[in-house]
Every structure is written in structure tokens, then in C-alpha cells.
Amino acid sequence: MHATKGDRLVTHGRVVGQHDHVVEIIEVLGPDGTPPFRVRDANGHESIMSPGPDSQVLHRKASGPA
């Protein structure tokens, strides 16, 4: 799992009715884009996560030349 600052980390709900949890990666703490990641939730809470197999990184789209 590799990520860069600005990507989204999605942790999928494990049971029926449990929603996915989406956070923004604000800092990559591991070498070469690997976990752990410092993340920020929509409510502003920040934490450090080492995502498990029920998580995926949604890469932000690279902005092209203006």
C-alpha cells in the first residue's frame, strides 16, 4: 500500500449497515509512501493509522499544466 499527501484512505465497513470510513492522508510517515499515515477525519480529528486489509488508498488526480 502506497500513498502520498492528499490521497484518501477508505476503510470499508465489515458488517452490513456499517458505512465506509474515509479520511484524508496529511502525512506519510513510512518510507517510500508506505504506512503509517497521519490522517484527518472530516470533523478535523487527526490520528496515525496503519491500515489493514479492509482499507484502500484512493489516489488524488494529478493536476495537469495550466
Side-chain angles (χ1 to χ4, degrees):
M1 179 177 291
H2 291 79
T4 58
K5 182 179 176 180
D7 289 346
R8 302 271 182 216
L9 180 66
V10 179
T11 303
H12 298 289
R14 294 194 244 175
V15 295
V16 173
Q18 185 179 27
H19 298 287
D20 291 348
H21 186 229
V22 181
V23 294
E24 178 186 4
I25 297 172
I26 57 173
E27 184 180 2
V28 177
L29 301 171
D32 300 321
T34 59
F37 306 124
R38 183 178 311 276
V39 299
R40 181 181 299 130
D41 202 341
N43 67 5
H45 179 78
E46 294 183 8
S47 59
I48 295 176
M49 290 183 67
S50 291
D54 56 345
S55 300
Q56 74 180 102
V57 174
L58 299 178
H59 300 284
R60 66 180 172 178
K61 296 185 191 244
S63 57

message: Looking at K5, is its backbone amide N or carbonyl O close enough to the side chain of R60 to form a donor-acceptor pair, meaning the two atoms are under 3.5 Å apart?
response: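 Yes.
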Nearest-0.5 Å distance that lies between atom NE2 in H12 and atom CG in D20: 5.5 Å
field: Distance, nearest 0.5 Å, that separates CG of L9 from CE of M1
entry: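 The distance works out to 6.5 Å.
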Return the minimal non-hydrogen interatomic distance between [X] and [Y], and the atom names on each side.
{"X": "I25", "Y": "A3", "result": "CD1-CB, 3.5 Å"}
{"X": "T34", "Y": "V28", "result": "O-CG1, 3.5 Å"}
{"X": "D41", "Y": "H21", "result": "OD2-NE2, 3.1 Å"}
{"X": "S50", "Y": "P35", "result": "CA-CB, 4.3 Å"}

- prompt: What pairs with S47 under side chain to side chain donor-acceptor pair (under 3.5 Å), at least two apart in sequence or on another chain?
  reply: none
task: Identify, with sequence neighbours excluded, every residue that meets side chain to side chain donor-acceptor pair (under 3.5 Å) alongside T11.
output: S55
message: Applying the side chain to side chain contact (heavy atoms under 4.5 Å, CB included) criterion to R40, which one of E27, H45, E46 satisfies it?
response: E46
Pairing residues for L58 by the side chain to side chain contact (heavy atoms under 4.5 Å, CB included) criterion, not counting sequence neighbours: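 Partners of L58 by the side chain to side chain contact (heavy atoms under 4.5 Å, CB included) criterion, ordered by chain and then number, come out as R8, V10, Q56.
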message: Counting neighbours of CG on N43 that are heavy atoms of other residues, nucleotides or ligands and sit closer than 6.0 Å, is the number greater than 12?
response: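 It does: N43 CG has more than 12 such atoms within range.
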